[in-house]
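Numbers restart at 1 for each chain; the letters A, B, ... are given by sequence-line order, proteins then strands.
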There are 2 protein chains.
Amino acid sequence: MSAIVVGSRARYSARARLRALQTDIMDLILERELDSGDPLPTENELAAELGVGRNTLRESLKVLQAVGVIEIRHGFGMFVAPSGFDALADGMAFHGRLSLRHEGHEAEQLVDVRQALEAGLIGASIDAVTTEQMQRIEAAVMKMEEAADRGETFAEADAEFHRLLFEPLGNDLLMNLMAVFWKVYRKIHVEIGVDEVDLVHTAAEHRRIYEAVAAKDKPLASELLSRHFDGIRAKIKRVVAER
Amino acid sequence: MSAIVVGSRARYSARARLRALQTDIMDLILERELDSGDPLPTENELAAELGVGRNTLRESLKVLQAVGVIEIRHGFGMFVAPSGFDALADGMAFHGRLSLRHEGHEAEQLVDVRQALEAGLIGASIDAVTTEQMQRIEAAVMKMEEAADRGETFAEADAEFHRLLFEPLGNDLLMNLMAVFWKVYRKIHVEIGVDEVDLVHTAAEHRRIYEAVAAKDKPLASELLSRHFDGIRAKIKRVVAER
DNA sequence: GGTTATCGGATGTAGGACGTCCGATGCTGG
DNA sequence: CCAGCATCGGACGTCCTACATCCGATAACC
């Protein structure tokens with residue numbers, strides 16, 4: 001059963017062959033109706049079944065693990081991954097940092113996408129948010145304000161704020177994407193400094209956004225979020241110009 | 001020079017070690033100020049430098065290639081990859097297909113994200129679009145209409161339409177995210193049939209969106225796009241319910 | 001001078017050997 | 001009878017060797 005086509009992977013370029021191997025593995029998972037958490041065949045079985053050496057197979061498996069398709073547990077086995085695009089953050093962060101040495105275009109693209117996502121979905125999130133969640137959001141705001149007063153940076157609270165803001169939607173994909181964006185932003189953030197004026201200003205921005213959400217004012221919340229990202233974009237431009 | 005720390009990769013779990021190896025490679029690129037298109041050391045040199053075997057190194061290199069950090073050319077060498085937010089596609093498309101077998105929640109989440117992106121960014125795209133690009137968009141619309149008249153499906157033209165709609169922004173990340181959606185949607189499309197009513201209706205929807213863009217009416221275009229995705233979401237719900 | 005042949009280096013693939021980790025089995029002692 | 005521990009077996013992790021394949025470049029040839 002599950003007749004895996006082997007011969008099709010014949011005389012393409014090396015990259016295409018590796019890619020074909022990856023899709024073969026994914027197809028195998030789908031054909032056998034495996035689900036998140038289900039175990040995959042062992043490496044040796046897979047290698048025999050797909051007609052490739054264990055080394056070649058492992059290279060594909062590692063890629064699939066990196067893009068969140070499978071999970072590999074040392075000494076136990078391989079499983080269909082629940083979700084999560086962790087490793088992708090590295091690649092995107094890398095290009096973001098690389099682009100800062102030029103025009104910073106790729107870093108800006110990240111901000112553009114995040115801006116559209118957050119500004120576009122805040123309305124739906126306002127509809128779904130509970131009072132308990134609102135309290136946690138305000139707590140994050142207060143943490144940012146306190147840190148700003150002490151002149152300390154507050155990357156954690158900032159991330160927490162944005163995460164909590166869209167948690168009510170229950171959209172795992174969105175949360176994963178935002179986690180990725182945040183990892184990238186943090187890496188970039190390290191390369192540039194932040195002065196105290198920025199800290200207080202940023203904290204105040206988040207306070208206003210929180211108040212708009214609390215008041216269920218969707219257009220205002222969307223507008224404030226959008227402008228928040230305009231500020232981030234301006235900061236990136238400034239950093240690029242300085243070098 | 002470029003004293004690469006080897007000892008730090010000592011006694012962690014396997015996954016952490018592989019991840020550390022990847023960041024070591026990326027750090028090496030950044031430390032040596034390599035740029036897009038610059039060559040990396042050979043596999044053997046890197047393996048020796050980082051203190052790992054060639055096989056272990058290759059697994060990391062393949063991952064970095066998959067996430068778009070480096071480019072590997074058989075028989076020639078490895079290079080820092082030129083731009084690129086590719087790679088999200090495979091993992092997300094896989095999980096989208098996986099979820100279709102259940103409630104289709106991830107597929108719906110995908111639509112939610114895309115809705116926010118397209119509705120939120122169409123305004124900026126309207127500002128940037130050229131007349132030449134508008135002509136290509138209309139051509140895609142006509143192709144859809146002609147196919148609908150013949151009772152044929154037009155997934156390609158549909159994808160082309162949305163791609164052209166946001167090409168003016170020059171945002172690679174956005175284009176890749178949209179490509180992901182189409183990979184998933186194409187799979188759905190294949191698994192079910194579409195009736196002719198849907199075809200004509202969908203083609204007409206795209207015609208109206210095109211006209212709104214041509215008239216530079218940003219709010220209308222955003223609204224039409226948003227409703228277009230409402231329809232898609234309903235269709236996915238129907239597909240999931242049928243099984 | 002242009003074309004072709006060959007060469008060298010780099011990546012691609014395969015297979016084997018051994019290390020490391022983890023869960024499970026079964027033993028031991030209370 | 002049960003809890004804790006030791007052992008075992010399977011599966012992934014790493015490394016090495018050997019050879020295949022590919023590509024660019026040099027050199028030979030017409």
Side-chain angles (χ1 to χ4, degrees), chain A residues 4 6-25 28-29 34 37-81 87, chain B residues 4 6-25 28-29 34 37-82:
Chain A
I4 304 299
V6 177
S8 68
R9 195 171 46 257
R11 204 168 291 247
Y12 290 79
S13 76
R15 179 196 255 109
R17 236 169 19 214
L18 189 64
R19 193 181 176 73
L21 188 52
Q22 291 165 22
T23 62
D24 276 355
I25 298 170
L28 181 142
I29 294 174
L34 299 181
D38 288 348
L40 269 70
T42 70
E43 290 183 350
N44 287 320
E45 287 172 353
L46 267 182
E49 203 156 353
L50 298 174
V52 298
R54 189 172 159 231
N55 254 326
T56 307
L57 174 70
R58 274 180 61 84
E59 287 176 2
S60 283
L61 289 173
K62 288 297 179 183
V63 170
L64 290 180
Q65 180 188 35
V67 298
V69 171
I70 67 174
E71 185 185 342
I72 304 178
R73 288 168 62 181
H74 187 175
F76 192 29
M78 302 182 294
F79 306 84
V80 181
Chain B
I4 304 300
V6 178
S8 69
R9 194 172 46 258
R11 207 167 290 244
Y12 290 82
S13 77
R15 177 192 261 118
R17 240 167 20 215
L18 190 64
R19 196 183 173 74
L21 189 51
Q22 291 165 22
T23 63
D24 276 355
I25 298 170
L28 182 143
I29 294 174
L34 299 182
D38 288 348
L40 268 69
T42 70
E43 289 183 351
N44 286 319
E45 287 171 352
L46 267 182
E49 204 156 352
L50 298 174
V52 298
R54 190 175 159 227
N55 244 313
T56 306
L57 174 71
R58 273 179 62 83
E59 288 177 1
S60 282
L61 290 173
K62 287 298 178 182
V63 170
L64 289 180
Q65 180 188 38
V67 298
V69 171
I70 65 174
E71 187 184 341
I72 304 177
R73 288 167 62 180
H74 187 176
F76 191 31
M78 301 182 295
F79 306 85
V80 181

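A heavy atom closer than 4.0 Å to some atom of DNA chain C occurs in A/R73, A/H74, A/G75, A/F76, these being the qualifying members of residues 70-77 of chain A.
With sequence neighbours left out, the salt bridge (charged side-chain N to carboxylate O under 4.0 Å, His left out) criterion links B/E71 to no other residue. For B/R73, there are no side-chain hydrogen bond (donor to acceptor under 3.5 Å, both in side chains) partners at least two apart in sequence or on another chain.
Side-chain nitrogen and oxygen atoms of B/R58 include at least one within less than 4.0 Å of the OP1 or OP2 phosphate oxygen of C/dG12. Taking 4.0 angstrom as the limit, A/R54 places none of its side-chain polar atoms (N or O) nearer than this to OP1 or OP2 of C/dA14. OP1 or OP2 of C/dA14 sits under 4.0 Å from a side-chain N or O of A/T56.
As a whole-Å value, the separation of B/L64 CG from C/dT11 C1' is 16 Å. Separating the CZ atom of A/F79 from the C1' atom of C/dG23 is a distance of 10 Å, rounded to the nearest angstrom. If you take CG of B/L61 and P of D/dT14, they are 14 Å apart, rounded to a whole angstrom. One interatomic measurement links the two molecules: CG of A/L57 to P of D/dG13, which rounds to 11 Å at whole-angstrom precision. Rounded to an integer number of Å, the gap from CG of A/N44 to P of C/dG16 is 10 Å. A straight line from CG of A/L50 to P of C/dA14 spans 11 Å, rounded to a whole angstrom. When rounded to the nearest whole Å, the span between CZ of B/R17 and C1' of C/dG19 equals 10 Å. Spacing between atom CG of A/L46 and atom P of D/dA11 amounts to 12 Å, rounded to whole angstrom units.
Side chains of B/I25 and B/L57 form a contact here, defined as non-hydrogen atoms less than 4.5 Å apart. Residues B/I72 and B/K62 are in side-chain contact: their nearest non-hydrogen atoms beyond the backbone lie under 4.5 Å apart. A/Q22 is listed as a side-chain neighbour of A/L18, based on a closest heavy-atom distance under 4.5 Å.
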Check the pair A/M78 / A/Q65 against side-chain contact (heavy atoms from CB on, under 4.5 Å), numbers first and verdict last. CA-CA 10 Å; A/M78 302 182 294; A/Q65 180 188 35; over 6 Å; no
Let me see the working for A/L61 and B/E59 under side-chain contact (heavy atoms from CB on, under 4.5 Å), right down to the final yes or no. CA-CA 9 Å; A/L61 289 173; B/E59 288 177 1; over 6 Å; no
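The side chain of A/K62 has D/dG13 as its nearest neighbour among D/dG13, C/dT11, D/dC15.
Donor-acceptor pairing under 3.5 Å, judged by distance alone, is absent between the side chain of A/N55 and the base of C/dG12.
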